[in-house]
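One structure is given below, encoded as structure tokens.
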Amino acid sequence: MHSKAPSNPPTLSSSPGETRKEERKFRRVPVACTSLFSADGPEWSGTAVNLSRGGCAIRSTTPVQKGEYLHVLIFPGPNQTPIEVGVARVRWAANEQCGVEFMTLAPRDASRLQDLLTLIGA
């Protein structure tokens with residue numbers, strides 16, 4: 001019997017308020033993709049950063065609250081159909097950024113997200 005070492009060492013959280021080390025489920029990749037997000041109302045614009053299969057950070061001047069649920073569209077490039085996240089939960093919010101966890105992603109959009117991450121080297 002052998003112990004399996006983690007393939008990636010723990011990384012610092014990307015949350016501005018957190019300094020403890022934690023394990024990540026998915027590798028994050030720095031990106032700057034246009035995004036739109038909403039919470040049962042008007043859409044706000046932002047920039048998706050630190051993208052992974054399980055979530056991303058969004059830079060925006062629109063304030064959101066931890067625990068809020070959002071609908072998110074991520075535009076991988078010009079003239080491309082957005083990747084639609086039906087439900088994303090806000091895990092943290094500070095300094096004109098928030099971190100969201102993808103809760104509901106249609107299989108087609110999950111596949112497109114994985115293709116994008118593969119394309120940019122994740």
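Worth saying up front: this structure is predicted, and the values here are computed from it rather than measured.
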**Message:** I'd like to check the salt bridge (Lys or Arg N to Asp or Glu O under 4.0 Å) partners of Arg108; sequence neighbours left out, ordered by chain and number.
**Reply:** none
**Message:** Ignoring hydrogens, what is the shortest heavy-atom contact between Glu43 and Leu36? Give both atom names and the distance.
**Reply:** OE1-CD1, 3.5 Å
**Request:** Check the hydrophobic clustering (I, L, V, M, F, W, Y; side-chain heavy atoms under 4.5 Å; chains of links allowed) and say if Val87 and Val90 are grouped together.
**Result:** no
**Prompt:** So Leu51 and Leu113, side chain to side chain contact (heavy atoms under 4.5 Å, CB included) or not? Walk me through it.
**Reply:** CA-CA 9 Å; Leu51 186 63; Leu113 175 60; 3.8 Å; yes
**Worked check of side chain to side chain contact (heavy atoms under 4.5 Å, CB included) between Val85 and Thr104** = CA-CA 6 Å; Val85 181; Thr104 305; 6.0 Å; no
**Request:** Output all residues satisfying salt bridge (Lys or Arg N to Asp or Glu O under 4.0 Å) with Arg112, sequence neighbours left out; order by chain, then residue number.
**Result:** Asp109
**Prompt:** Taking a hydrophobic cluster as the set of Ile, Leu, Val, Met, Phe, Trp and Tyr residues connected by side-chain heavy atoms closer than 4.5 Å, whether directly or through intermediates, do Ile120 and Leu105 fall within one such cluster?
**Reply:** yes
**Request:** Give, for atom CD of Gln114 and atom CD1 of Ile83, the distance between the pair rounded to the nearest 0.5 Å.
**Result:** 10.5 Å
Contacts table for residues 57-78: side-chain donor-acceptor under 3.5 angstrom, sequence neighbours left out:
unit_1: Ser60; atom_1: OG; unit_2: Ser45; atom_2: O; d: 3.0
unit_1: Ser60; atom_1: OG; unit_2: Thr62; atom_2: N; d: 3.1
unit_1: Glu68; atom_1: OE1; unit_2: Gln65; atom_2: N; d: 2.9
unit_1: His71; atom_1: NE2; unit_2: Glu84; atom_2: OE2; d: 2.7

**Item:** Expected output: side-chain Ser111 to main-chain Pro107 donor-acceptor under 3.5 Å
**Value:** no
**Any side-chain heavy-atom pair of Phe102 and Cys56 under 4.5 Å** = yes
**Asked** Applying the side-chain contact (heavy atoms from CB on, under 4.5 Å) test to Gln97, which of Val49, Thr47, Asn50 qualifies?
**Response** Val49
**Item:** Residue pair Arg89 / Met103: nearest heavy atoms and the distance that separates them
**Value:** N-CG, 3.8 Å
